[in-house]
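Okay, structure first, notes after.
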Amino acid sequence: MRITTILLMASTAIIAQSAYAQDVAPAAADVAADAGADIIVFGRGETRQVQEISAKDIVTLTPGTNPLKAIEKLPSVNFQSADPFGNYEWSQRVTIRSFNQNQLGFTFDGIPLGDMSYGNHNGLHITRAISSENIGSVRVSQGAGSLGTQATGNLGGTVETFSMDPTGEFGAQGNLTYGSDDTWRAFGRVNLGSADGIRGYVSYGYGSTDKYKGEGVQDQHMGNAKVVIPVGDAKIDGWLSYSDRREQDYQDMSMGMIRRLGWDWDNTYPDYARAIDYADRLNDVDKVSNSGGSPFPDGLYDYSGAPVATGQTYPGNVTSADDAYYDAAGLRKDWLGAVGLTTPIGDAATFKVKGYYHNNSGMGLWATPYTPSPNGVPMSVRTTEYDMDRIGAFGSVDYTLGIQNFSVGAWYENNQFHQARRFYAFASRTEPGLSFRDYPKNPFATQWEFDFTTNTFQYHVQDKIDLGMVTINLGWKGFKVTNKAEAIVQASFPQGKIKVEDWFQPHAGFAVELSPEAEIFGGFTQVTRAFASATTTGPFSTNQAGFDAIKDDLKPETSDTFELGLRYNTPVFNGTLGAYLVNFKNRLLAVQVGSPIQGLASALQNVGGVRAVGVEAAGDLKLGHGFGVYASYSYTDATYRDNVFNSSDGTLVAAIKDKTVVDSPKHMLRGEVNYDQGPIFGRIGANYMSRRYYSYTNDVSVPGRLIVDASLGYRFTDKIELQLNATNLFDKKYVGTIGSGGFGNSGDAQTLLVGAPQQFFITAKAGF
């Protein structure tokens, strides 16, 4: 059990008071006063399963927490991370109805965020786009997002995050947080302008925390600015954000490693001598000559990932150099800007358009014993380097004609993505000479380097027909996505061009009002997923021969989703009950080859069909006197429908037919009791997830776990409050993330991350 002494730090801060629009986040004191507002809205009138989390729910989490952690209470949402805030990107994962993260759609104020994966090739993570205090709401569509969502990868659901609008009055807000593992976070926001004129806000936040095991720091600088400019009946809005994140990694584990080395095992940093010893032992036994076409300069070694030679010995329970590396880190810098216009066209139509630009530079660093430095040090720093420039625009025209509400829109994006694998030398056998918190310089080798160009065009057409007690939603979207890879330094990965084109992806749905309180809804949606442009995922993650064989015939993943549900809403109870059936076709999975640090080309395989059947239920009950109860339950039965065979000779590759989809727990149950009356507010919540498999043949899994979080707060005035947060309250030892290093067909792979232990935090909030 780790309990850090909690210190109360004084802070000067401001909370502006004003009336907010529907999807705008109140400041902390305003949220407190609005105790009767719904925390969760269950999508009344929608023809899909939809829920929305308000700012009131987000601000009760520890400040700086990933908003995706707030939505984990919703049915069928499986969120996992190895840190208490859900911000550590190497470990952060979200799946919905068995769809993994890169099969979901994510947007921020409509701006596409791509798949928000660690090696993001087409966007950025939401925690690098906006501070949690500036979020107005988060909307989740479990089945398929609305047709106008800017996403070409959402086979499954969508997660749309919206910023709060400026208050229109002068004011400010500030928070100061301290807690376990020397966690510090400060946030301040200044609101400017007038309610009927130009209005905006500027905020800055900085947070830092030590790793809870091993040594290292994870921190982030974040700046946000938003402006709204009325122009007659029209409105111009602008957004600008900057993020600089640097996080040292935890050691990836397997269940065997956890049993052998313990839950607290981690990288060797700052014990450089131990890392040198492990690398020496690998080199002495498993050295492979660098002759015959290696991309590295003469005299270097390229370890191919062959099984470790018999007789290799390490101290204690360590059995290989992969048990512990010296250090690893993720570095990311992002600029995101957007300008939008909303204007009426006559009395019946509205025109919206928004342009955006995103620039990213980053690195993933690993101290690898598989490639020595040229100066005799038996290891080097291996990087995957990212540079991205995205520019795009999207817009729509919404027109009302009697009982019909038409919407026609389009989205275009050009993404220039540069990716490289480089190696940097340590200074000597006794001094590393570099920090994993800084961008290294002067590589001694470039293994591969590619430029990727992705052009996306998407359009949608929708008609929502209001028949009184019946609403019918009909429409479709279509897109063409072209991916091109050009090698600057070519190794085993391919170059070439591939595209996905599907101009008709239909949706049809209905909502029927059974009574003023109840409605039934249902629908059908068909979606196609575009390919990815990166060496680390998708068709370019294989070799040239493999790419040439599939580029003209590779079928994209598609899904057909059927939904049926019931919503019920009264001032006391708000709930939903639903069922779904999803049929996948041509599901493509990249199988990790060797340990992740080796960076070998993955094996892309078509696993055929997948079927997911599930039931979802959620309800929010107000008990009176400030008390409330929330609960959700989801059952998911997601299985592969076909075995995997070798396309050349027909031999069996993996017997996965009728096996459960990886990272797809059958049962998820969440419960929460909350209280908010007078000066006191608080909640305690429990999160249960059943067994999860991390191989396609289901021969390895992690057990189910129950995690309890809690918060307690006190308002001294409507401007000043104190908030306490506890995560993993009962100090449960559990596996947080699975699949950090990908998934294999079978075997206990090194692809797990241990969940954070018990943590406590205290936050002071004040304002004027």
Side-chain angles (χ1 to χ4, degrees), residues 21-24 37-38 40-52 54 105 107 110 137 139-150 154 157-158 160 162 233-235 342-353 394-411 458-478 504-527 561-571 573-580 616 618:
Q22 177 182 354
D23 58 355
V24 175
D38 288 329
I40 300 173
V41 178
F42 290 98
R44 186 162 181 83
E46 294 283 349
T47 60
R48 300 173 174 87
Q49 181 76 284
V50 177
Q51 287 103 45
E52 187 168 309
S54 74
T107 64
S137 62
R139 184 181 303 145
V140 178
S141 299
Q142 282 92 337
S146 63
L147 296 174
T149 302
Q150 281 64 245
N154 60 312
T158 59
E160 301 170 272
F162 301 93
D233 293 331
K235 180 184 73 172
T342 302
T343 184
I345 304 175
D347 296 329
T350 301
F351 172 70
K352 300 177 183 178
V353 66
F394 56 91
S396 66
V397 176
D398 301 310
Y399 181 72
T400 300
L401 180 63
I403 63 173
Q404 294 182 299
N405 296 275
F406 297 101
S407 177
V408 178
W411 163 45
Q458 175 181 290
Y459 81 105
H460 76 272
V461 177
Q462 182 172 269
D463 184 13
K464 190 172 185 178
I465 306 169
D466 185 356
L467 299 174
M469 295 180 63
V470 178
T471 299
I472 298 175
N473 198 341
L474 302 172
W476 71 91
K477 75 172 184 178
F504 185 70
Q505 302 169 47
H507 168 73
F510 68 89
V512 179
E513 183 179 307
L514 303 178
S515 71
E517 297 81 21
E519 69 175 0
I520 188 171
F521 66 93
F524 164 78
T525 305
Q526 186 176 85
V527 181
T561 299
F562 302 84
E563 293 184 285
L564 183 65
L566 174 70
R567 298 188 186 101
Y568 187 81
N569 182 273
T570 70
F573 178 75
N574 182 23
T576 182
L577 174 66
Y580 64 87
E616 301 165 335

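Computed from a prediction, not measured in an experiment: that's the story for all the values here.
Not counting sequence neighbours, the partners of A348 by the side-chain contact (heavy atoms from CB on, under 4.5 Å) test are Y399. By the side-chain contact (heavy atoms from CB on, under 4.5 Å) test, S141 pairs with V50, T158, sequence neighbours left out. Scanning for ring-ring contact (aromatic ring centres under 6.0 Å, His included) contacts around F351 gives an empty result, with sequence neighbours left out. For E563, the salt bridge (Lys or Arg N to Asp or Glu O under 4.0 Å) partners at least two apart in sequence or on another chain are R97. Judged as a side chain to side chain donor-acceptor pair (under 3.5 Å), and not counting sequence neighbours, the contacts of Q51 are Q49, Q142. Legend: residues meeting side chain to side chain donor-acceptor pair (under 3.5 Å) with Q526, ordered by chain and number and at least two apart, are D560. Every residue two or more places apart in sequence or in another chain that forms a side chain to side chain donor-acceptor pair (under 3.5 Å) with Y580 is listed here: T636. Listed by chain and number, the residues in a side chain to side chain donor-acceptor pair (under 3.5 Å) with S407 are D398, H460 (sequence neighbours excluded).
Among residue pairs with one or both ends in residues 400-410, none qualify as salt bridge (Lys or Arg N to Asp or Glu O under 4.0 Å); sequence neighbours excluded.
Here CZ of R139 is found 9.0 Å from OG1 of T149. Values are rounded to the nearest 0.5 Å. Here the CD-CH2 distance, from Q150 to W411, works out to 6.5 Å after rounding to the nearest 0.5 Å. Rounded to the nearest 0.5 angstrom, I465 CD1 and I403 CD1 are separated by 6.5 Å. Taking CD1 from I345 and CG from D347, the interatomic distance works out to 12.0 Å, rounded to the nearest 0.5 Å. Considering OG1 of T525 and NE2 of H507, their distance stands at 4.5 Å, rounded to 0.5 Å.
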Only distances under 3.5 Å count here; give the side-chain donor-acceptor pairs of residues 510-522 to other protein atoms, sequence neighbours excluded, each with its distance to 0.1 Å.
unit_1: S515; atom_1: OG; unit_2: E517; atom_2: N; d: 3.2
unit_1: S515; atom_1: OG; unit_2: E517; atom_2: OE1; d: 3.2
unit_1: S515; atom_1: OG; unit_2: A518; atom_2: N; d: 3.1
unit_1: E519; atom_1: OE1; unit_2: G45; atom_2: N; d: 3.4
unit_1: E519; atom_1: OE2; unit_2: G45; atom_2: N; d: 2.8
unit_1: E519; atom_1: OE2; unit_2: R567; atom_2: NH1; d: 2.8

Cut-off 3.5 Å, no hydrogens considered: what does the side-chain donor-acceptor table look like for residues 466-476, sequence neighbours left out?
unit_1: D466; atom_1: OD1; unit_2: G468; atom_2: N; d: 2.9
unit_1: W476; atom_1: NE1; unit_2: Y459; atom_2: OH; d: 2.7

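Taking both residues in full, the closest heavy atoms of L147 and Q462 are given as CD1-OE1, 3.7 Å, listed atom of the first, atom of the second, then distance.
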